[in-house]
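Quick notes on the structure that follows.
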Amino acid sequence: MTTPAPKDLDELMQRVDDMAGLTLGQLASHHGIPVPENLRRDKGWTGQLIETHLGATAGSKPMQDFIHLGVELKTIPLSLSGSPLETTYVCVAPLINIQGLCWQDSLVKHKLQRVLWVPIEGDRQIPVAQRRIGTGILWEPNNDEEQLLKQDWEEIMELIALGKVESVSARHGDVLQLRPKAANSKVVTEAIGKEGKTIMTNPRGFYLKTGFTASILARAFG
DNA sequence: TTCTGATCATAG
DNA sequence: CTATGATCAGAA
């Protein structure tokens, strides 16, 4: 059961509203998809399920979600008290050939220009099949939010450009952080090292901290 | 309890 | 390996 791509924003949001309030189990059975016991070996399962229902690019290829609508889809796991449980992965961080790269041209800015957030109960006490899907919200960063993102991005990218990528921890940045992003710690990629030499290091990705996503949801739901 | 660093599955 | 989708789980 695959859903065709939505033709416009109204159709997309209609589908979002249709699934609000359902459990993951209900949505999965509707699409004939088995529900895993837990997400330990299926970390991307929830995101894939929502993509299937909304008609995003069929579960394979490098994803562009709803490229024709300029929308990026993100699911966000919520605790019982309604706050985000996890940081939100944005994209990989470029570690080489970054001279002259500015915020306006960055992957982070482009990915976050317009995001469809779908909150989902994520407390580990709740069986996956019984977790409920919330009301999706379409978000675009306001000036304050973009400035916060831009500042953190520029600070982190400067350190990478200076060959200090291995000294950047998840503690850098207020709303955006740099963390490992790979199958495991043995995976390496090229990066800039001391004195401009090329080194091999663990790939990194940009993540939105939970406080930032929490404020986005707060702004949407009042 | 929260956060950071590590990890899982899949496709090309 | 890169990139998609993220959560796990031990340390702090």
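Per chain, numbering begins at 1; letters A, B, ... match sequence-line order.
- Nearer the 5' end of DNA chain B, as judged by each residue's closest nucleotide, is the contact made by A/T210, out of A/A183 and A/T210.
- Between A/L162 and A/E158, some side-chain heavy-atom pair lies under the 4.5 Å cut-off.
- Between the CG atom of A/N38 and the P atom of C/dT7 there is a distance of 13 Å, given to the nearest Å.
- Here the side chains of A/E166 and A/N202 are not in contact, with every heavy-atom distance at 4.5 Å or above.
- Here the side chain of A/E146 pairs no donor or acceptor atom with the backbone of A/P141 at under 3.5 angstrom.
- DNA chain C is contacted by both A/V92 and A/P180; A/V92 maps to the nucleotide lying nearer its 5′ end (nearest heavy atom per residue).
- A/G44 comes within 4.0 angstrom of a base, heavy atoms only.
- Distances shown here put a side-chain N or O of A/T75 below 4.0 Å from the OP1 or OP2 atom of C/dA6.
- Remark: P of C/dC1 and CG of A/N184 are 9 Å apart, rounded to the nearest angstrom.
- Contact annotation: A/Q177 side-chain N/O to B/dT4 OP1/OP2 distance is under 4.0 Å.
- Residue A/A170 has its side chain nearest to B/dG5 when only C/dG5, B/dG5, B/dT7 are considered.
- Atom CG of A/L73 and atom P of C/dA3 are 20 Å apart (whole Å).
- A close approach under 4.0 Å does not occur between any side-chain nitrogen or oxygen of A/T46 and OP1 or OP2 of C/dA6.
- Atom CD of A/Q125 and atom C1' of C/dT7 are 17 Å apart (whole Å).
- Atom CD in A/E86 sits about 16 Å away from atom P in B/dT7, given to the nearest Å.
- Phosphate contact (OP1/OP2 of C/dC1, side-chain N/O of A/K181, threshold under 4.0 Å): absent.
- Considering only side-chain N and O atoms, A/R179 lies nowhere under 4.0 angstrom from the phosphate OP1 or OP2 of B/dC3.
- The phosphate of B/dT7 has OP1 or OP2 within less than 4.0 Å of a side-chain N or O from A/S185.
- Distance CG (A/L39) to P (B/dA6): 22 Å, rounded to an integer number of Å.
- Here A/R124 reaches the OP1 or OP2 of C/dC8: one of its side-chain N or O atoms lies under 4.0 Å away.
- OP1 or OP2 of C/dG5 has not a single side-chain nitrogen or oxygen of A/Y89 nearer than 4.0 Å.
- Protein atom CG of A/D123 is 14 Å distant from nucleotide atom C1' of B/dT2, rounded to whole Å.
- Protein atom CG of A/N202 is 11 Å distant from nucleotide atom P of C/dT2, rounded to whole Å.
- Put simply, A/R41 has no side-chain N or O that comes within less than 4.0 Å of OP1 or OP2 on C/dT7.
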